[in-house]
Amino acid sequence: MSLYPQPHTQVFNSPPYPAQGYGQPLIPPTSYHYPPPVQPTFHVDPQTFRRDYTTRLADLTVNSRPIIQNLSMIAQEYSRYAEIVAQCIEMHIRRVPLWMKLPAFYLLDAMSKNVFDPYARCFTPLVVTLFIDTYEQVDPSTRSKMEEMLLTWRTGAPNGRELFGVVPQVAIERHIWGGDTTMTASSSRSGGSSSISTAQVLSELEFVLSQKERTLQANPYDKLAQNHVAVLQQLRKLVQAGVSQEELNQILTQLRSLAQPASSSPPPVPAPVPQSYSTASYSVSPPSYPTPIDQTMYPSQPAYPTASFSVSKTEPVDFSLLVPQPTAASSVSATVSAPSAPASNIANLFNALVRTGVLSTSGTPTGAGTIAKTEEAAAPAPPDPEKEVAKVYRKTILANKLKLTSADIVRQRLNVASLLYKRLPVQCKQCGVRFPDGPKGRKTMEGHLDMHFRQNRKASQAVSRGYSRSWFISVEDWVHDGSIDIKGKGRADGRKINSSAAAAAEAAKREAELRALFVVVPPGDEAKPISCPICKEILKSEFLEDDEEWVWRNAVRRDDKIYHATCHAEATASKSTLAVRLRNEVSSSRSRSQTPEKQILRTPPKVSLSFSGEQRKANSPSPTTPMGMKRKADDDASNSSLETMRGEPPTKKLAVSA
Amino acid sequence: MSALGLEHEGKPNPLGSEGSSAVHVRQWQLEPETEYRFELDPGNSLAIKLVDGQAEIFGAELAEGSIYVFGMECKAAVYTWQGCTIEMTSTEYISEETPMNAYANVHLALEQMRVRALRVIHGSPPSDDDEADMDPNPEPPRVLVLGPENSGKTTVSKILVNYAVRMGQDWNPIFANVDPGEGGWAVPGVISAASITAPLQTSSPAATLGSAATSAPVHLVSNELLPLSYWYGHAETRRNPLLMDRLIRNLGENIAERWDADAECRAAGLIVDTPASFASSSGPQGDHRHALIKACVDAFRINVILVVGHEKLNVEMQRAYGNRISIVKIPKSGGVVELDSSYRERVRKYQLQNYMYGKVIPPPPGLSALPYLQGGEQTSDLTLNLAPSSSVIMFSDLVIYRIGEETMAPTSALPIGAARVVSEMQPLIVDPAQPGSGLYNAVLALLSPPNPDESERYDEEILDLSVVGFLVITALDIPNKRMTVLAPGQGSFAGRTAIVGSFEWQE
């Protein structure tokens with residue numbers, strides 16, 4: 001009946017499946033499959049259910065994540081009516097006008113991936129014809145969205161295999177990307193079954209690109225991912241501008257190899273949706289691709305325009321059309337946390353391709369042009385809509401003439417209710433939290449719903465497991481918690497970027513700046529070894545190509561002496577903090593205990609405490625002295641200096657030894 | 001009359017409802033700006049559903065159609081700005097006189113401070129129509145809420161925080177609770193602070209301010225509170241005002257540090273809820289309360305003081321701080337319930353119970369089949385049932401201190417030849433082996449580890465260490481030098497330090 005091994009969790013209607021049935025150990029079931037929540041006894045008869053579900057489906061006129069999630073949650077809850085749900089959805093897709101088909105497909109996609117069993121099974125028999133029929137009717141942009149979705153199906157199943165099995169996957173792909181000459185779709189390809197179409201490459205490219213973009217979204221500071229996205233976007237331009245079959249082939253190979261490493265490193269957070277763009281896919285699916293083309297067969301074909309995209313190569317490409325809108329195209333699947341940045345360097349792909357002459361930026365005339373245009377288009381900063389929104393809000397708030405006085409507070413009657421309710425029309429049905437209208441509010445809402453969705457899934461999995469109160473976080477984490485946390489994102493998975501990581505990054509940046517400093521070697525001194533007066537190591541000289549001069553790297557000149565920039569900074573910092581520390585020590589020593597602290601300090605406080613208590617008795621410190629604060633002052637001083645100061649001896653020791 | 005969750009106005013809702021009989025449900029129409037107040041008796045629970053319109057509980061909006069459950073002697077009110085229809089399983093009374101308008105105005109004034117502060121942080125140009133914008137250095141609101149017992153300080157604080165996070169501006173104000181008699185999101189005996197990003201829900205006094213994070217996946221972000229806590233250890237501030245003073249300053253210090261790292265968090269401001277003892281001028285505690293108010297004002301850099309319904313205190317504050325701080329008297333709600341000490345005692349018990357075991361409020365009979373929300377949680381039976389861990393450890397595994405208390409200190413911990421006079425701030429080691437150590441059933445605060453760099457440590461460091469969790473000693477086996485410790489979760493205590501206070505708890 002099914003192409004799928006069934007997860008062994010007991011599900012309504014389906015017999016428990018032996019765990020041995022899996023080809024591979026099922027990756028933490030936590031994040032993938034979940035049984036329907038323990039249900040109170042609802043007695044809804046199938047007819048009522050069908051009617052109701054159809055009615056609800058009718059709401060799915062636009063790509064709305066709340067609706068899709070709601071529908072799939074219901075479907076999950078009533079998985080015993082899976083057949084009915086599948087029928088309803090098929091009917092819905094076949095019946096609705098063209099522009100409403102895609103959202104319904106997203107629903108199908110979401111349910112199959114997230115609930116998986118039994119939905120993937122139910123959709124399997126009908127998905128091929130449904131997909132192909134729809135694909136042939138819709139416009140190019142919808143097609144590309146569908147292609148993108150199709151690509152995720154390759155690895156959509158919880159075990160990383162094809163979501164609906166190999167056969168349907170291959171059938172659809174062959175129909176869409178060649179191997180089927182009767183195809184009416186994207187007419188741009190000229191090759192037979194073994195050629196690679198530009199459309200296919202573009203689809204995959206889009207796929208990898210959206211993956212990277214999600215990585216970037218998850219971690220906006222990831223320079224590597226930024227790079228990758230930029231390069232992939234350029235690559236896309238090139239492909240759209242037209243490249244030879246041979247080049248396409250190479251790009252495709254590269255892309256596939258690129259997509260793979262992403263899967264091997266597990267997502268940073270347990271991905272709730274089984275969408276680890278994973279392993280099996282590209283190695284298993286070869287039958288679906290007319291694979292490695294014999295390159296001699298297609299000696300560099302002339303570049304051809306990509307007719308499948310309604311973008312003429314001579315015109316500036318509308319960027320926004322092509323970049324998959326993260327909110328639209330990937331809205332459903334975006335519940336996945338992005339795979340962590342792949343180990344391989346995408347930037348190399350582009351460079352390598354250029355270098356080897358597969359792609360020549362100058363050789364492909366339009367290519368070079370588009371790249372330039374891309375950069376131009378990216379250059380002018382768009383007016384910041386967020387700032388505008390903030391400004392409007394500020395005006396609204398400040399328009400209320402109100403003084404913070406006892407009299408005014410009681411007297412005034414201002415319309416606070418509209419601020420609390422009307423102004424925020426987007427409301428979460430589950431918990432009542434509201435968000436402002438507009439793109440930003442909707443995005444936040446989507447993130448919020450994702451969170452509910454994930455939580456519901458997780459909660460329903462762990463019926464038997466006991467949770468417990470967590471230990472509180474440390475002061476350091478608490479202090480730096482807010483600066484990185486994005487509302488509803490970081491907290492949803494309970495994980496936060498560690499503050500020490502941020503501090504380390506800061507220190508590394510400072511160090512890099514110092515290391516970039518250089519001193520020009522006086523002419524004639526090139527061979528003379530000069531050592532840093534602080535660390536006594538010899539300064540390395542190197543030749544700066546840009547300035548055509550020999551320089552000492554990581555060096556500064558002070559009082560006619562050449563120091564390592566890092567050594568010097570450290571020394572200056574410690575000098576100033578030493579002074580500060582000593583001053584502090586002097587001013588505070590009055591209130592401090594004069595008892596032999598050295599002794600106490602050297603012994604672990606645990607052991608020494610009754611002893612130290614005794615010592616203190618004789619000369620008890622003023623209890624009001626906020627010692628914690630004094631310590632903070634020291635910290636501040638050392639914070640302003642280099643990170644390396646951390647290891648310096650503390651105040652007390654200095655005082656004692658001084 | 002219909003059961004909660006049954007069909008309304010013929011609207012089909014086949015997926016959420018399976019009406020059960022025998023529930024006495026009433027539907028109530030609330031006029032705009034009125035509130036429905038309820039007080040629950042021990043062992044009772046209550047379910048409320050918003051049928052139509054908009055309603056909120058202490059500033060947290062109710063989702064339409066969801067069933068909210070309350071219990072454990074919860075006393076709360078459903079307020080509506082624009083009118084609503086609610087269903088509930090019992091009824092108390094509806095009040096038309098509420099101070100909500102004044103509270104909302106305070107909120108609005110604070111919001112003005114926030115947007116002005118944020119404007120400067122973002123470097124946007126000032127708008128012409130705002131005369132107060134002339135202030136070159138507008139400060140975000142840092143509010144101290146003062147008031148006598150049973151004046152609704154915590155409720156006011158909660159409403160103000162909830163309104164701030166509901167503005168859709170991504171405000172994440174800090175809520176500081178310096179009332180050690182009130183557990184807030186943890187257990188009684190601490191003073192603590194947490195950054196709030198989602199409305200704080202009300203469902204039981206065991207978690208007045210939401211709960212601290214658990215290992216469970218949370219269902220509402222407000223339950224993922226990550227507090228920073230310091231252990232005071234007593235319910236009354238007069239017991240050790242010096243220690244209070246120091247802890248308040250520690251808390252303020254860390255909040256300031258957090259603001260340095262995050263300017264937007266700074267702009268969202270701070271609300272400080274205080275104990276009633278700050279306001280009561282009677283008795284011999286007059287001196288320390290002024291010192292503690294001053295500690296708060298300094299540590300949190302307070303610029304707004306709200307005095308809830310207390311004329312004399314208002315005047316006092318005007319005199320002391322009126323020249324530099326806005327002192328605003330706000331009305332007290334008529335719905336505030338007079339709470340006696342035995343109620344407070346029970347609430348402390350609930351809070352400890354809730355910390356360790358969580359608490360699922362059984363819904364009113366007849367509703368059990370329907371999904372409901374407790375404190376915003378969707379599946380309370382899964383996520384609010386917590387499993388603490390009980391383990392037997394050696395006396396020597398855990399070093400236990402008591403801060404500056406002479407009465408219980410064993411002789412051996414005293415200096416040789418010294419009188420029984422101990423500084424209030426002095427950490428004294430408590431030996432569990434001594435009879436009368438007072439550790440049996442005592443609540444301990446497990447401290448975060450001291451500075452890893454030994455040379456950075458100092459004698460009284462344990463006074464400045466934050467709390468990572470709470471333990472209860474449930475058994476002492478003196479002959480074998482072992483004790484049984486109940487902890488919220490797994491973990492080893494070897495080499496850790498804990499402080500005992502005056503709280504005890506027995507299951």
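Values below: every heavy atom of this structure, side chains too, minus hydrogens, waters and symmetry copies. Letters A, B, ... mirror the listed sequences (proteins, then strands); counts begin at 1.
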Pick one of side chain, backbone, both or neither for A/Arg423, based on which atoms fall under 4.5 Å of a heavy atom in chain B.
side chain
Could you check B/Asn250, B/Leu247, B/Asn254, B/Leu228 and say which one makes a side chain to side chain contact (heavy atoms under 4.5 Å, CB included) with B/Ser466?
B/Leu228
What part of A/Leu424 is in contact with chain B, defined as an atom under 4.5 angstrom from a non-hydrogen atom: side chain, backbone, both or neither?
side chain
Please flag which part of B/Ser448 lies under 4.5 Å from any non-hydrogen atom of chain A: side chain, backbone, both or neither.
neither
Proximity breakdown for B/Ala268 and chain A, heavy-atom pairs closer than 4.5 Å:
neither
Counting only non-hydrogen atoms closer than 4.5 Å, does B/Leu118 touch chain A with its backbone (N, CA, C, O), its side chain (CB onward), both, or neither?
neither
Tell me every residue that passes side-chain hydrogen bond (donor to acceptor under 3.5 Å, both in side chains) with B/Gln54, counting only those two or more places apart in sequence or in another chain.
none
Please classify the contact between B/Met113 and chain A as side chain, backbone, both or neither, with a heavy-atom cut-off of under 4.5 Å.
side chain
Counting heavy-atom pairs under 4.5 Å to chain A, which of B/Ala256, B/Ser389, B/Gly489 comes out on top?
B/Gly489
Less than 4.5 Å apart, any side-chain heavy atom of B/Leu243 and any of B/Leu463?
yes
Give a yes-or-no answer on whether the side chains of A/Tyr393 and B/Glu111 include a donor-acceptor pair shorter than 3.5 Å.
yes
Taking every heavy atom of A/Val433 against every heavy atom of B/Pro199, the minimum-distance pair comes out as CG2-CD, 4.2 Å
Side chains of B/Glu257 and A/His480: any donor to acceptor distance under 3.5 Å?
no
Greatest number of non-hydrogen atom pairs under 4.5 angstrom with chain A, of B/Arg166, B/His122, B/Glu56, B/Lys329, falls to B/Arg166
With only heavy atoms counted, which part of B/Leu306 is less than 4.5 Å from chain A, the side chain, the backbone, both or neither?
neither
Contact leader toward chain A among B/Val307, B/Leu50, B/Leu108, where contacts are heavy-atom pairs under 4.5 Å
B/Leu108
Heaviest contributor of heavy-atom pairs below 4.5 Å to chain B, chosen from A/Val416, A/Asp408, A/Leu402, A/Thr55, is A/Leu402
Would you say that B/Pro488 contacts B/Tyr355 through its side chain, given a criterion of any heavy-atom pair below 4.5 Å between the two side chains?
yes
Under 4.0 Å between a side-chain nitrogen and a carboxylate oxygen: does that hold for B/Arg266 and B/Asp260?
no
